[in-house]
Novice: 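Before I ask anything, let me first share the structure, which is written out below as structure tokens.
Just so it is clear, the values below take in all heavy atoms, side chains as well, and ignore hydrogens, waters and symmetry mates. Just so it is clear, the model here is predicted, and its values are computed rather than measured. Start at 1 and go down the list; that is how both ligands and their atoms are numbered.
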Amino acid sequence: MNQFDRHRRLRSSRAMRELVRETRLTMDDFIYPLFIKEGEEPKTEVPSMPGIFQFSLHELKEELEQIVACGIQAVILFGIPAHKDAVGTGAFHEHGIIQEATRLIKEAYPELLVVADTCLCEFTDHGHCGLVENGQILNDASLEILVQTAVSQAEAGADIIAPSNMMDGFVSAIRVGLDEAGFQDIPIMSYAVKYASSFYGPFRDAANGAPQFGDRKTYQMDPANRMEAFREAASDETEGADFLIIKPALSYLDILRDIKNTSHLPLVAYNVSGEYAMVKAAGQNGWIDEEKIVLEMLLSMKRAGADLIISYFAKDVANYLKKGGHGE
Ligand code: PBG
């Protein structure tokens with residue numbers, strides 16, 4: 001240490017610390033995930049995700065009211081269809097659950113941005129993100145269905161298309177499809193860097209989308225790899241992505257920073273279901289201070305390079321920030 005260093009000078013009071021704070025959370029940072037199920041059933045809480053519910057359309061309005069009151073600007077939609085089949089028809093049907101939910105949201109709250117997750121796993125009976133033949137996940141054949149899905153989501157009024165399926169070439173295929181259908185102005189928020197992660201466990205309960213055989217390792221990335229993240233991000237950028245998602249967030253903050261240093265696109269960290277479940281469980285047990293932990297975690301994602309965060313905590317954060325919490 002240099003004899004002149006007095007780092008504590010800038011930490012001497014709350015006001016001084018506020019003055020030199022480099023990163024802040026605001027409600028503009030957040031995209032809130034919503035699970036919407038077909039049918040009339042009352043809302044059901046996801047057992048492994050306390051506070052997160054599957055909503056039928058008729059109960060969605062009430063939830064939207066809360067979301068808007070929290071200052072949340074964008075939601076990302078996941079669908080739970082009544083019927084599944086081999087090609088995931090529910091994903092691209094004009095009256096699919098996502099399409100219906102999108103119309104309802106845009107009618108009730110035109111200013112609230114709807115991000116449509118473009119994937120097949122919630123809609124296919126085998127639970128994979130693409131088409132399956134002889135136990136293999138087909139790449140190019142899946143692209144056609146995904147393009148159809150994206151276009152139908154845009155037709156329903158989605159503001160942003162977020163393909164999460166991890167097929168090669170999905171950004172360019174969807175870009176061309178959207179443009180041909182007249183949706184040049186709809187941005188693509190690509191799940192560019194998506195690892196084959198066990199942190200998605202609770203989500204698969206929430207969206208009923210677990211693969212019925214095998215796993216997703218032939219299309220999602222190996223958690224051991226870093227260079228592969230650069231390759232994935234570069235392809236999606238070249239193919240015309242407008243945002244890049246890094247997923248999961250917490251165990252991948254190094255990757256978030258790496259991509260921040262190399263791409264100029266807005267970066268989105270996906271604070272996934274397993275990250276949520278762990279904190280909620282420990283919080284409910286009184287083992288951690290949930291509020292402080294949540295704010296510190298989310299702040300770490302921004303510090304690592306996230307411009308936006310998809311998080312199940314968004315409503316909690318609204319309450320914390322209202323009370324004056326800053327993630328200290
Ligand atoms: C669909 C999809 C998944 C998640 C988001 N979109 C599941 C998966 O890829 O297995 C996970 C989100 C979370 O865990 O919160 N492909």
Novice: How far is atom 10 (O) of ligand 1 from its nearest protein heavy atom, and which residue and atom is that?
Specialist: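 For atom 10 (O) of ligand 1, the nearest protein heavy atom is R204 NH2, 2.5 Å.
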Novice: Answer yes if the ring centres of F35 and F55 are under 6.0 angstrom apart, and no otherwise.
Specialist: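 Centroid distance F35-F55: not below 6.0 Å, so no.
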Novice: Of all the atoms in ligand 1, which lie at a distance below 4.0 Å from a heavy atom belonging to Y270?
Specialist: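 Here the atoms of ligand 1 in question are 12 (C), 15 (O).
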Novice: When you look at H58 and K43, which way does the side chain to side chain contact (heavy atoms under 4.5 Å, CB included) test go after all the steps?
Specialist: CA-CA 10 Å; H58 69 283; K43 66 179 182 182; over 6 Å; no
Novice: Is the contact between S273 and ligand 1 made by the side chain, the backbone, both, or neither, using heavy atoms and a 4.0 Å cut-off?
Specialist: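 Under 4.0 Å from ligand 1, S273 contributes backbone and side-chain atoms.
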Novice: In the protein, what heavy atom is nearest to atom 6 (N) of ligand 1, and what distance, to one decimal place, separates them?
Specialist: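 Here the closest protein heavy atom is K247 NZ, 3.5 Å.
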Novice: Please list, one pair per line, the donor and acceptor atoms closer than 3.5 Å that link side chains of residues 162-178 to other protein atoms, with sequence neighbours excluded.
Specialist:
residue, atom, partner, partner atom, Å
S164, OG, D117, OD1, 3.2
S164, OG, D117, OD2, 3.2
N165, OD1, M167, N, 3.0
N165, ND2, T118, O, 3.3
S172, OG, G169, O, 3.2
S172, OG, E239, OE1, 3.2
R175, NE, D179, OD1, 3.1
R175, NH1, I186, O, 2.8
R175, NH2, D179, OD1, 3.0
R175, NH2, F183, O, 3.0
R175, NH2, I186, O, 3.2

Novice: Taking 4.0 angstrom as the limit and counting only heavy atoms of C129, give me the atoms of ligand 1 inside it, by number and element.
Specialist: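 With C129 as reference, the close atoms of ligand 1 come out as 16 (N).
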Novice: Okay, side chain of R21, backbone of M16: is any donor-acceptor separation there less than 3.5 Å?
Specialist: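 No; judged by distance alone, with no hydrogens or angles, the pair does not exist.
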Novice: Between Y276 and ligand 1, which residue portion shows a heavy-atom distance shorter than 4.0 Å: side chain, backbone, both, or neither?
Specialist: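 It is neither; nothing of Y276 touches ligand 1.
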Novice: Which of the atoms in ligand 1, numbered in the order shown and given with their element, are less than 4.0 Å from a heavy-atom of D117?
Specialist: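 Heavy-atom distances to D117 below 4.0 Å select 6 (N).
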Novice: With heavy atoms of F78 as the reference, note each atom of ligand 1 found under 4.0 Å away.
Specialist: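 Counting atoms of ligand 1 from 1, those under 4.0 Å from F78 are 5 (C), 6 (N).
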Novice: Note the single closest protein heavy atom to atom 12 (C) of ligand 1, along with its residue, its atom name and the distance in Å.
Specialist: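 The closest heavy atom on the protein side is F203 CD1, 3.3 Å.
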Novice: Polar contacts were defined as any N/O atom of the residue lying under 3.5 Å from an N/O atom of the ligand; does this apply to E122 and ligand 1?
Specialist: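 Not met; the criterion fails.
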Novice: Assess whether side chain to side chain contact (heavy atoms under 4.5 Å, CB included) is satisfied between V193 and L256, documenting all intermediate values.
Specialist: CA-CA 9 Å; V193 179; L256 201 50; over 6 Å; no
Novice: May I ask you to identify, for N165, whether its side chain, its backbone, both or neither come under 4.0 Å of ligand 1 on a heavy-atom basis?
Specialist: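 None of N165 does.
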Novice: For C119, counting its heavy atoms only, list the atoms of ligand 1 lying under 4.0 Å from any of them.
Specialist: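 Result: 1 (C), 16 (N).
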Novice: For Y219 and H128, take the angle between the two ring planes, folded into 0 to 90°, and tell me which bin it lands in: parallel under 30, tilted 30 to 60, perpendicular over 60.
Specialist: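 Y219 and H128: perpendicular rings.
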Novice: Are a donor atom and an acceptor atom from the side chains of Q99 and H93 found within less than 3.5 Å of each other?
Specialist: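 The criterion, which ignores hydrogens and geometry beyond distance, is not satisfied for H93 and Q99.
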Novice: At under 4.0 Å between heavy atoms, which part of A207 makes contact with ligand 1: side chain, backbone, both or neither?
Specialist: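 Neither part.
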Novice: Which of these passes salt bridge (charged side-chain N to carboxylate O under 4.0 Å, His left out) with K280: E45, E290, E275?
Specialist: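 Looking at E45, E290, E275, the match for K280 under the salt bridge (charged side-chain N to carboxylate O under 4.0 Å, His left out) is E290.
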Novice: Return the residue, atom name and 0.1 Å-rounded distance of the protein heavy atom closest to atom 2 (C) of ligand 1.
Specialist: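 Here the nearest protein heavy atom works out to K194 NZ, 3.5 Å.
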Novice: Tell me if the centroids of the rings in F203 and F78 come within less than 6.0 Å of each other.
Specialist: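 That pair passes the under 6.0 Å test.
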Novice: Would you mind running through ligand 1 and noting each atom that sits below 4.0 Å from a heavy atom of R216?
Specialist: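 Here the atoms of ligand 1 in question are 8 (C), 9 (O), 10 (O).
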Novice: Are any side-chain N or O atoms of E38 and backbone N or O atoms of A82, one a donor and one an acceptor, separated by less than 3.5 Å?
Specialist: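 Side chain of E38 to backbone of A82: a pair is present.
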Novice: Evaluate the side chain to side chain contact (heavy atoms under 4.5 Å, CB included) criterion for residues D242 and L265: first the C-alpha distance (whole Å), next the side-chain angles of each, then the deciding distance (0.1 Å), finally the verdict.
Specialist: CA-CA 7 Å; D242 300 281; L265 291 180; 5.8 Å; no
Novice: Any heavy atom of E275 sitting closer than 4.0 Å to ligand 1?
Specialist: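 For ligand 1, residue contact (heavy atoms, under 4.0 Å) with E275 is absent.
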Novice: Need the ligand 1 atom indices (1-based, order shown) with element for anything under 4.0 Å from a heavy-atom of Y312.
Specialist: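 Atoms satisfying the 4.0 Å criterion: 12 (C), 13 (C), 15 (O).
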Novice: At a 4.0 Å threshold, what atoms of ligand 1 neighbour a non-hydrogen atom of C121?
Specialist: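 Taking each heavy atom of C121 in turn, ligand 1 has 1 (C), 16 (N) under 4.0 Å.
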